[in-house]
Protein chains: 2
Amino acid sequence: MEAFRQAVVNTLERRLFYIPSFKIYRGVAGLYDYGPPGCAVKSNVLAFWRQHFVLEENMLEVDCPCVTPEVVLKASGHVDKFTDLMVKDEKTGTCYRADHLLKDFCKEKLEKDPKITEEKAAEFKHVIAVLDEFSAEELGSKIKEYGITAPDTKNPLSAPYPFNLMFQTSIGPSGVSPGYMRPETAQGIFVNFKDLYYYNGNKLPFAAAQIGQAFRNEVPNPSLISPRQGLLRVREFTLAEIEHFVDPEDKSHPKFSEVANLEFLMFPRQDQVSGQSARIIRLGEAVSGGIVNNETLGYFIGRVYLFLTYLGIDKERLRFRQHLANEMAHYAADCWDAEIECSYGWIECVGIADRSAYDLRAHTDKSGVPLVAAEKFAEPIEVEKLVITPVKKELGLAFKGNQKMVVEALEAMGEKEAMEMKATLESKGEVEFQVCTLGKDVTIKKNMVTISKEKKKEHQRVFTPSVIEPSFGIGRIIYCLYEHSFYTRPSKGGDEQLNVFRFPPLVAPIKCTVFPLVQNQQYEEVAKRIAKSLTAAGISYKIDITGTSIGKRYARTDELGVPLAITVDSTTSVTLRERDSKQQIRVSIEEVASVVKEVTDGLNTWNDVLWKYPTHSSAASED
Amino acid sequence: MEAFRQAVVNTLERRLFYIPSFKIYRGVAGLYDYGPPGCAVKSNVLAFWRQHFVLEENMLEVDCPCVTPEVVLKASGHVDKFTDLMVKDEKTGTCYRADHLLKDFCKEKLEKDPKITEEKAAEFKHVIAVLDEFSAEELGSKIKEYGITAPDTKNPLSAPYPFNLMFQTSIGPSGVSPGYMRPETAQGIFVNFKDLYYYNGNKLPFAAAQIGQAFRNEVPNPSLISPRQGLLRVREFTLAEIEHFVDPEDKSHPKFSEVANLEFLMFPRQDQVSGQSARIIRLGEAVSGGIVNNETLGYFIGRVYLFLTYLGIDKERLRFRQHLANEMAHYAADCWDAEIECSYGWIECVGIADRSAYDLRAHTDKSGVPLVAAEKFAEPIEVEKLVITPVKKELGLAFKGNQKMVVEALEAMGEKEAMEMKATLESKGEVEFQVCTLGKDVTIKKNMVTISKEKKKEHQRVFTPSVIEPSFGIGRIIYCLYEHSFYTRPSKGGDEQLNVFRFPPLVAPIKCTVFPLVQNQQYEEVAKRIAKSLTAAGISYKIDITGTSIGKRYARTDELGVPLAITVDSTTSVTLRERDSKQQIRVSIEEVASVVKEVTDGLNTWNDVLWKYPTHSSAASED
């Protein structure tokens, strides 16, 4: 596993899929560049995401800034709650995640201490299991109890304190407007709900989408046991998020039938709790059986499955795992993660959550702008409504400066409480009434408030929509894709192992390479003509005119995952070779760009074109 | 002009091309969202940029983080020099750009004070002209002299002080690693030069490219005279930058002939200084006549011209203006801005600069990693080289602890100084030698150093490449494109003016709308069938099934710049209407998606398809 990962990562770094950012300055932990092939793969993945989700579902794509004022992230809860608990080396000031240190300590004891008692082992296992729910105090006391010190220096550690994971900055020159680099793209959509709903003709459901950078000032994991997860845990990354707004009373989806028959690995909450493994379930059954909360959530699970497998993710190393009750926010109706298995284990790559009305309500409360939808009734409906009318003049006389608090408390009464007050006022003329904001009871008299039930005609139902949010960590998907696409095979001489990425054409960074078989001007002219026709057809290619053997040049292009290679070995026709099968056909110079286009655009498969053209097995093949 | 701009901006905001960011929280000056049509336009512009530059020129595209450590921006000069001079309202703390206040004061005096003397008028004009070169002290003394106060409160102002325009942040939890949000994307490419050069087979020239967000903590212009330039001067924006690395001794370009015959408005330095206007020049002449410094710079000017005009920028409102000597950095060899005329005047949208070796040298110096290229000679060349060999043993005996400084000083001698020392040592046996790092002279004896000239064979020439940098402000290009694409025309009744964006299909946010002529189930079924075929063909569309008149629906779609509209008015064929000509043809339901694709992909023009299908002028047309 470790060796496999090293082979993949070495290839990725050597061929510049990734470059550690600011490498000549010794880099910054958690920041990576996408070099040329990596950048092309990323563009391809994002273009396909737009095609598969935005275009297919007619989503409203928006593009909001990364710099975000504090008030927005106050409303969303990020300013107060988006924190990790840290401890500091009391002498050097180096910071560590408290939970990581405790987990590593327990793991190490379990794995490496042969003298540990059964009782102690059980305790360490328990700590690891409940670690995520520890408070700062609990973490601190465990760290003290176990005598855990700073891993690098063995110095004592501070008590755990919360560290906000957002990059903070300041907007404008006066220094009085704090801002943050957004930790997710979703908030930009929520604050625009009203405009987007209007743009959609005031109709539900609809989805908005956004692709963009997000920032988390993660602390690199210093653990010696668990691997660094270098390319998975980064400080800046591309998110692609969808916010699908839906009537909470109708979460059906008109296109659910298109995905209902998909079958794939699912891992429901129940199965996790009872210790079973993930199993293949038909999506239609998962929804009808109540395992997945609703059709819309199920529809997106299906679409995510299709998206990932089209990209080349191995379906046997892909599962949809339902969040356990304690993993889910209290407001969420249901939540599933698309997890992909790679050398680091099962990695969360897409989260698909029904977040109910939480986000829109939070911004409604904070901004005072109602982020709601309305359903017009075909005919007005008669409803009985509670009407509480405080008589402000009387209340003012009685309560002076406290009047406002009393009025608010009266208006906030629920139906039961109000009707009881009404009865008491009618029978006794006055009532004791608790005003929480004053911290005491006041006496309300009959002339201070009127309470009644009135019949009203309502023309519409006004409600806060639920939101179903599929959120894609693009960088993680791409990394897993690299592992799933990588394989080695012996060179023709058998003396080396050659690396290959079996990217589908959709993903491949370059669709085609062009090699003149030998260095001569005629062949180079032909190569240039072909290059021109490839550019005209919109196909990305690379010309390799080095004098290296054709076998070596094939190996070089296989290692970049280029699906097709054109070898110029005559002035009228060329050899076209497919990467994985190494099969070769002969195609005329005039036709070759269009054949490459057919295959890389997915209009034809390699097998489709294979029988149309003469196959080829000349001396030019491989080494 | 003002009214025209208002009409454009109102349309853009009403149809959600732009949304002021975080609007429900009263927004943040200088931050805008792209709403759905704006986001689609931006995607289209970027996709075309990739096609036109990256793919066409086989550029190496990279993708680097926005978060950048201080050391990188120290090397580039941004930490020290990327500043505006600000003054503060001494009571409220509100900040203003010092140069803006001074400029506004002078302008207002000139425009609105009838009693101004000729002498004073000349002075104000002079101040405006040389403003950009004022130091903090000069600005401060002028502000004092004129008695300029804070525009909002009339309070006194502080002395001017530099304010760095970068958003600052902190990387990691310890707070000791300052970082910034990058103010441009170029630095990410420069620091990767070595890897990219290697990736390109250690060959020059090659170009790297990057598209990404950049951040500048601009101060909104509070001026009452000059307009806010709201959508042009923003705090976060998308840049697309190319760094073309080239041998400073050979800046020819193999494809220059492809653009040499282009003719367009150019505004050379000479003509600006002598008070002439921009004039049409053939690009080939501009290069051969020495107006443009070199072929590669000229090639990119030509490619930028093609890029902008393909997008729909009016070539009569596009000019290439050469920087004046005082606008250009000292190291730059030549610099041209593509300026587009809009209601705000001529706006710099693309900068095309030959920055010589400045950036690579700066990072070489700061990082200690040589960012250089090498040219292998066909045959080794014999060169004479100075060789200074300090005899460390003797020097150690003579200077003890100071030996290292003496050795370094000896090795650092230039050719002239060394040959003089050699002569003196040979004639007198010793020489006085100044060691700056010791702050004194020492006596060097004959046995302490050998100095000679040796003939050496050199196999290659090592040099720092020049970089030619076309840098595109994508948001500014898009805004100008909106102005150039906007027009109004009377409705059929003549009672209203209707808005139209004449976007080419390449740019249009949606390629096609689908309307059932009347609300009935049959037509809606057909509309859905067509929608499906459009999705399969990868064409973005919008269905409008509202009961509004067909004329109103056309007006709505014209205002989004949708080039084609499909009206479903039978169950076998449909009406296809072109936006600008309002011409209509009848096409069968099976064919319509492919006809739309031909036209929007640019394989055929509307005129090409017009004669192939029966034209249509039924009652359904317009209102």
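It should be emphasised that the depicted structure is a prediction, and the values quoted were computed from it without experimental measurement. Throughout, protein chains are lettered first and strands after them, A, B, ... in sequence-line order, and every chain is numbered starting at 1.
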Of the backbone (N, CA, C, O) and the side chain (C-beta and beyond), which part of [X] lies under 4.5 Å from a heavy atom of chain A, both, or neither?
X        : result
B:Tyr541 : both
B:Ile24  : both
B:Ile19  : side chain
B:Glu56  : both
B:Val28  : side chain

With chain A, which of [options] has the greatest number of heavy-atom pairs at distances under 4.5 Å?
options                                : value
B:Lys88, B:His363, B:Lys542            : B:His363
B:Gly179, B:Pro69, B:Ser21             : B:Pro69
B:Val67, B:Leu31, B:Leu534, B:Leu196   : B:Val67
B:Cys66, B:Gly212, B:Gly538, B:Ser540  : B:Cys66
B:Tyr198, B:Phe167, B:Tyr199, B:Phe215 : B:Tyr199
B:Ser43, B:Ala40, B:Ala536, B:Gly188   : B:Ser43

Side-chain heavy-atom pair [X], [Y] within 4.5 angstrom cut-off:
X        : Y        : answer
A:Leu360 : A:Phe190 : yes
A:Thr513 : A:Arg553 : no
B:Glu559 : B:Arg14  : yes
A:Leu73  : A:Pro183 : yes

Return the option, out of [options], with the maximum number of heavy-atom pairs under 4.5 Å with chain B.
options                              : value
A:Val54, A:Leu55, A:Thr535           : A:Leu55
A:Tyr34, A:Tyr25, A:Tyr180, A:Phe22  : A:Tyr25
A:Ser170, A:Gly368, A:Gly93          : A:Ser170
A:Val369, A:Thr94, A:Thr169, A:Asp84 : A:Thr169

Tell me whether [X] contacts the main-chain N or O of [Y] through its side chain, where contact means a donor paired with an acceptor under 3.5 Å.
X        : Y        : result
A:Arg182 : A:Gln187 : no
A:Asn217 : B:Gly172 : yes
A:Asp33  : A:Gly35  : no
A:Thr185 : A:Ile211 : no
A:Asn164 : A:Met166 : yes
A:Arg97  : A:Glu218 : no
A:Gln210 : A:Cys64  : yes
A:Tyr32  : A:Pro20  : no

Out of curiosity, [X] [atom1] to [Y] [atom2], how far, rounded to the nearest 0.5 Å?
X        : Y        : atom1 : atom2 : answer
A:Leu85  : A:Tyr161 : CG    : OH    : 10.0 Å
A:Leu16  : B:Asn192 : CG    : CG    : 8.0 Å
B:Gln213 : B:Ile474 : CD    : CD1   : 11.0 Å

Heavy-atom proximity to chain B below 4.5 Å, by part of [X]:
X        : result
A:Asp195 : both
A:Val62  : both
A:Arg50  : side chain
A:Phe163 : side chain
A:Val72  : both
A:Leu560 : side chain
A:Lys366 : both
A:Leu60  : both
A:Ile539 : backbone
A:Met181 : side chain
A:Glu236 : side chain
A:Gln168 : backbone

Is atom NZ of B:Lys255 surrounded by more than 12 heavy atoms (other residues, nucleotides or ligands) closer than 6.0 Å? yes
